[in-house]
Amino acid sequence: MGGRCGLGGANKAPRLFAPYFCSGLHLQPTLVSYCAGISSCEKGRQWQRALALLREMVRSNLTPDEAGWTAGVSACKNAGQWQLALSLVREMCETSFMPTVEIYTAGVTACGWAGKWRYAFLLSSDLCEAQVELDTSCYNSLISACVHGLQWQRALSLLRDLGDGNLDSDCVSYIAGMKACQVCGQWQWAMFLLRGVSEARLEQSTLSYNVGIGACAKGGQWQVALSLLGEMRGARIATDSVTRSSVISACCPGEQLQHALSLLIDAT
């Protein structure tokens, strides 16, 4: 990890580095100043500098707190550096710091975004072994990892686990599950989850219907797609360019395309 981290160009953005202000004033950097610097690097998308500060903390015999670890992992996640995010989580486990679900969720998300769903699930297994309970946000990150990994059955299993436990699924849970079904051509299951949003007394949105219509388009179900468009009109849910392109994709080619276009005009 050390070879890929550096402080090059740090003098161009000194405001990101609270510890360097301390050194300039001949003060000893503290845990608070280091973590503030790491958090600033994360927000400024300076993942290399965030890792450099974490390494410097260790050399100074300071142990990062939850905010420091989370910011470091999140900085790697936002930069698409899933290997480094995973490495940081593993490194954290080797310290005396107790793992938290927030840090693991950032690592799971990093792996999921990179399409490394197996690593995302390995991290969640590590969390369970550490006797730290997964929260809804972590489940949502795992379900999203299933989208990139084309693992629609696992996504449905995770949604069932959410329902069987003491956690409540939210709109993000259902939409992520629908996307996993959509990309795998499982339009029936996508429809099941779309109905589940209403049954769970959650608010339907343009996004949830767009995913549902997209699943119908992929499955060649133009009638269902038009029915969903009608539901959006009835519920006064706004349509957008994604809605229109998905409906046209579901209805084209065929005589039903003209009917779809008239419905789209009425919905705008």
**Message:** For Gln223 and Leu226: C-alpha separation, side-chain torsions, deciding distance, then whether side chain to side chain contact (heavy atoms under 4.5 Å, CB included) applies.
**Reply:** CA-CA 5 Å; Gln223 300 98 326; Leu226 291 182; 6.0 Å; no

Listing, residues 208-215 side-chain donor-acceptor contacts under 3.5 Å, not counting sequence neighbours, or none:
residue: Ser208; atom: OG; partner: Gln204; partner atom: OE1; Å: 2.9
residue: Ser208; atom: OG; partner: Ser205; partner atom: N; Å: 3.0
residue: Ser208; atom: OG; partner: Ser205; partner atom: O; Å: 2.9
residue: Tyr209; atom: OH; partner: Glu231; partner atom: OE1; Å: 2.8
residue: Asn210; atom: OD1; partner: Thr243; partner atom: OG1; Å: 2.5
residue: Asn210; atom: ND2; partner: Thr206; partner atom: O; Å: 3.4
residue: Asn210; atom: ND2; partner: Asp240; partner atom: OD1; Å: 3.1
residue: Asn210; atom: ND2; partner: Asp240; partner atom: OD2; Å: 3.4

Determine all donor-acceptor pairs shorter than 3.5 Å in which one atom belongs to a side chain in residues 180-194; sequence neighbours excluded.
none

**Asked** Does one hydrophobic cluster hold both Val242 and Val147, with members joined at side-chain heavy-atom distances below 4.5 Å?
**Response** no

**Prompt:** When clusters are formed by joining ILVMFWY residues with side-chain heavy atoms under 4.5 Å apart, either directly or through shared neighbours, do Leu167 and Val172 land in the same one?
**Reply:** no

**Prompt:** Got a second to check how far Ser144's OG is from Tyr139's OH, nearest 0.5 Å?
**Reply:** 14.5 Å

**Request:** Could you tell me which non-hydrogen atom of Trp222 sits nearest to which non-hydrogen atom of Ala250, and how far apart they are?
**Result:** CB-O, 3.1 Å

**Listed partners of Ala235 passing side chain to side chain contact (heavy atoms under 4.5 Å, CB included), at least two apart** = Ile237

**For Ser124, all residues meeting side chain to side chain contact (heavy atoms under 4.5 Å, CB included), sequence neighbours excluded** = Phe121, Leu134, Leu142

**Item:** Nearest heavy-atom neighbours spanning Leu88 and Trp69
**Value:** O-CZ3, 3.8 Å

**Request:** List the atom of Cys76, the atom of Trp47, and the distance in Å for their closest heavy-atom pair.
**Result:** N-CB, 4.2 Å

**Item:** Pairs meeting criterion side-chain hydrogen bond (donor to acceptor under 3.5 Å, both in side chains) with involvement of residues 146-162, two or more places apart
**Value:** Gln151-Arg154

**Request:** Count the heavy atoms belonging to other residues, nucleotides or ligands that lie under 6.0 Å from NZ of Lys77, then report whether that count exceeds 12.
**Result:** yes

**Asked** Taking only residues two or more places apart in sequence or in another chain, which ones pass side-chain hydrogen bond (donor to acceptor under 3.5 Å, both in side chains) with Asp170?
**Response** Asn140, Ser173

**Prompt:** What pairs meet the salt bridge (charged side-chain N to carboxylate O under 4.0 Å, His left out) rule with one or both residues in residues 198-227, with sequence neighbours excluded?
**Reply:** none

**Item:** Criterion side chain to side chain contact (heavy atoms under 4.5 Å, CB included) on Leu162 and Thr136, from CA distance to verdict
**Value:** CA-CA 8 Å; Leu162 264 173; Thr136 300; 4.2 Å; yes

Pair up each side-chain donor or acceptor in residues 102-118 with any protein partner under 3.5 Å, not counting sequence neighbours, and list the distances.
residue: Thr105; atom: OG1; partner: Val101; partner atom: O; Å: 2.7
residue: Thr109; atom: OG1; partner: Thr105; partner atom: O; Å: 2.8
residue: Thr109; atom: OG1; partner: Ser141; partner atom: OG; Å: 2.8

**Asked** Roughly how far, to the nearest 0.5 Å, is CD of Gln48 from CD of Gln81?
**Response** 7.5 Å

**Prompt:** If you measure from CD1 on Ile175 to CD1 on Ile143, what distance do you get to the nearest 0.5 Å?
**Reply:** 11.5 Å

**Asked** Is there a path from Leu207 to Val197 through hydrophobic residues (I, L, V, M, F, W, Y) whose side chains come within less than 4.5 Å of each other?
**Response** yes

**Request:** Determine the minimum heavy-atom distance between Gly177 and Leu159, stating which atoms define it.
**Result:** CA-CD1, 4.1 Å

